[in-house]
Amino acid sequence: MTEWRTLCQALLNGPCSSILLEMAESVLRQALQDTTACPATCGSFDGVSWQLNPALSVSSITPSPLLLKSLAPWTLLDSIWLARVAQPATGHLPAACRLLRIYTETVGIDYPAESPPLRYRAQLTEAGMTLPPIDSPEFFYAGFRKPALKAAAMALIFMHRPLRYAPELLGYTLAHLGREPEPWEDCKLRPIRLRHQVWVREALEIGLADGMSKTRIDAGWRLYIALYEVIHEDCRSREGQPSPTREDQFATLIQTRRSHALGYHQNIRLGDKSLDEWLVNAHKDTRPLLRALHDSPLIDRACPASSRLIRAMEFGGPMFGVFSPQERENTLAWIEDPRSPGCTPNHSTPEAGSPNNSCPLPDFEQSRVKPARSYRPRTCDLYLALLQSESPGDTPPGTDRLIQNILKRTHRLRLLGFGDKPFAYTPEALTRFVETRHRNEVGRYRPFKGTPKVDKVFCQWAILQLAPAILVDGAWLAGISTAAEKLGPVRRHLLKIYVDELGHGREDWNHPNVYRRLLESQGLNLPNFTTEAFAHHPALLCSAFELPVYLLAMGLMSDRYLPELLGLNLAIELSGLGASYMRAIDILRHHGMDPTIVELHLSIDNLATGHAARARDAIVLYLEEVRQREGAPAVDRVWKRIWLGYQSLHAATLCLSMGIVGRYVLHQMGWQVARPSALLG
């Protein structure tokens, strides 16, 4: 039986299996059906804005702590449902571009100080609330009730299902941005909200013009409103109730730590039982344990601060680091409380986090697990399967094997002497390597004199072979998007690169779209790149799919292969600088072909402030995190993985490069390459 908080934790931080995703999707479907059966009182999404029913309001200018905390899981995840809306399969589409703008501004990709979820965290801190970081295993166990957790879960489910629930996600976003701000909300965020309202309305118009279902959009709109209303109803119902006592707070603390404490307290006796036995029995009712603890030698009533329980939480004590300073203060306050433990209410309350508040979801039968297929899919078929994967939990069979095969090939090529020579890592050594390589590449460039050896027909054929890779440009970073609080310095660098590859929310700047314009200008009209007709097209070499499949696979498995991904990213960004791209620009211009796609990379990948600089800085920051977390020896181990990822770009492009070079040699010998226009019919 799965709980709401367990579901939230898995959807945000993983692991997220296909089984969990199927269960989560059934929960979302049920919630949408329930909302349709009980429509909200605010009308449909045709309304420009909506306002919370005044009868449900629980605060005015100053928000109540209860409401602030209840909204925290949802608000700290603001726009998380849009994190994957611009995937490799959809990032070029106009509606996805608008929604991507909303997401990037919400997480503060350029200006973190203006990020709504980060500003809400500051508001919580100002109100004296010290909730754990959102990616902490403790966050969703911090005493939130079912309405708060359910709202967070719905946002996270949408994040994992942005394509198949695109209409509902759009309606949900419309309701989120159409809500009239409450008086206590940060007024500095209102200009951002107004911009986002414009973009989501544009996305709505695009969706409706494309035939998107108004009924499904309306279902998403109503779901958001229903979730918001239920949170306020829950808070209003509790506003008149007595505040939790010190003992209530301590009981909550015991329940949240109980499962992790079992097994460590067999030698501590409280009466006739060990503390472990008391903890086992406390899952239903904490009162007997609290009574026994309060009357035990662990508590010094005359001098509470000298209690063995308190001293055990301090430096050198057996529980040092288990409890935060605030939790230690709450424990001390409980000892000082003069009330008898026997008079406290039952602590199996929703805020206590006991099994009575486990917020069960529909059970998911293991018999429904689909056995993994054992065959090895063809590269072109894996290309399609990866494009259709909305979430890491959808990663098709064979993906991990493909990555491992590329990395093994990289290792073998390295043994044969191919690629850049490895070096011992220091930040200075990495910077020196990057700058030296850049200077050498630029130094190799010589302007053409006369006519280039590559004629226009062969140039068109080569452009065609690069289409599968460039039409998924940025795919290796598609898994970086997440909640604002989870975007540390490393991920922010990577996300900035990814967003730039997608045109920063501008479909005319989107790199795959720029390449589409080049193809169309040459009459190279390929089928839609997400279809079998494209993947099996006779004009495309099989090897043309090896690199994009590797990039797509890395994007889905970025959590597992983050070191290799950092190295691969550096190799890709450095490859866009220097002689190769400068010569390509000259060739395209000579043949009257638009060189914008190459010029874009030559400029945006620059080593001063561009992608190459960000790729280098991301590695330095990541390895510094490793050093602080695991020590200096771990840095060398992780650096070897990063370097393997760096060299893997050559291994992933080897077959295609050999195919293009081989065709070029034959072409120079007089063998004519078929005109691409003829190949395309």
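A salt bridge links Glu624 and Arg627; the closest N-O separation between the charged side-chain nitrogens and carboxylate oxygens is under 4.0 Å. A salt bridge links Glu314 and Arg328; the closest N-O separation between the charged side-chain nitrogens and carboxylate oxygens is under 4.0 Å. Salt-bridge formation is not detected for the pair Lys214/Asp218: no Lys NZ or Arg NE/NH1/NH2 atom is positioned less than 4.0 Å from an Asp or Glu carboxylate oxygen.
Between Thr90 and Ala96, the shortest heavy-atom contact is O-CB, 3.3 Å. Nearest heavy atoms, Pro117 versus Thr106: CD-O, 3.4 Å. When all heavy atoms of Thr609 and Arg614 are compared, the closest pair comes out as O-NE, 4.3 Å. Phe140 and Pro73 make their closest contact through CE2-CB, 4.5 Å (heavy atoms, listed as atom of the first residue, atom of the second, distance). His504 approaches Arg101 most closely through the heavy-atom pair O-CG, 4.0 Å. Taking each heavy atom of Ala113 and Arg119 in turn, the nearest pair found is O-NH1, 3.0 Å.
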Worked check of ring pair (Phe, Tyr, Trp, His ring centres under 6.0 Å) between Tyr172 and His176: CA-CA 6 Å; Tyr172 184 93; His176 172 66; 7.5 Å; no

CA sep, side-chain torsions, deciding dist, call: Asp186, Arg121, salt bridge (Lys or Arg N to Asp or Glu O under 4.0 Å): CA-CA 12 Å; Asp186 192 340; Arg121 171 65 77 171; over 6 Å; no

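Within the 4.5 Å cutoff, no side-chain heavy atoms of Arg201 are placed close to those of Leu177. The shortest distance between side-chain heavy atoms of Phe144 and Trp4 does not fall below 4.5 Å. By the 4.5 Å heavy-atom criterion applied to side chains, Leu477 and Leu495 are not counted as neighbours. With contacts defined as side-chain heavy-atom distances shorter than 4.5 Å, the pair Ile572/Leu551 qualifies. Side-chain atoms of Ile217 and Trp221, non-hydrogen and from C-beta on, never get closer than 4.5 Å to each other. The closest side-chain heavy-atom distance from Glu205 to Arg98 is not below 4.5 Å. In this structure the side chain of Leu562 reaches within 4.5 angstrom of the side chain of Leu565, judged on heavy atoms. Under the 4.5 Å side-chain criterion, counting only non-hydrogen atoms from C-beta, Thr6 is in contact with Tyr141.
In this structure, the separation between NE2 on His196 and CG on Leu99 is 11.0 Å, given to the nearest 0.5 Å. Between atom CE of residue Met154 and atom SG of residue Cys8 there is a gap of 9.0 Å, rounded to the nearest 0.5 Å. For the atom pair CG of Leu12 and OG1 of Thr482, the computed distance is 5.0 Å after rounding to the nearest 0.5 Å. Atom CG of residue Leu566 and atom NE2 of residue His493 lie 11.0 Å apart, to the nearest 0.5 angstrom. Leu11 CG to Met159 CE: the interatomic distance, rounded to the nearest 0.5 Å, is 6.5 Å. Here CG of Leu93 is found 9.5 Å from CD of Glu507. Values are rounded to the nearest 0.5 Å.
Ring geometry for Tyr224 against Tyr228 counts as parallel: the plane angle stays under 30°, on a 0 to 90° scale with 60° as the upper cut. In this pair, Tyr165 and Phe158 present their aromatic rings perpendicular. The plane angle is above 60°, beyond the 30 to 60° band.
The residue from Arg161, Arg222, Arg216 that alone fulfils the salt bridge (charged side-chain N to carboxylate O under 4.0 Å, His left out) condition with Glu168 is Arg216.
Although no hydrogens or angles enter the test, the distance criterion places no donor-acceptor pair under 3.5 Å between the side chain of Glu573 and the main chain of His611.
Taking the salt bridge (Lys or Arg N to Asp or Glu O under 4.0 Å) definition, one finds that Asp135 meets it with nothing, sequence neighbours left out. Residues that satisfy the side chain to side chain donor-acceptor pair (under 3.5 Å) test with Tyr103, not counting sequence neighbours, are absent from this structure.
Using modelled atom types and a 3.5 Å distance limit, the side chains of His601 and Asp473 yield a donor-acceptor pair.
In Lys496, the NZ atom is crowded: over 12 heavy atoms of neighbouring residues, nucleotides or ligands sit closer than 6.0 Å.
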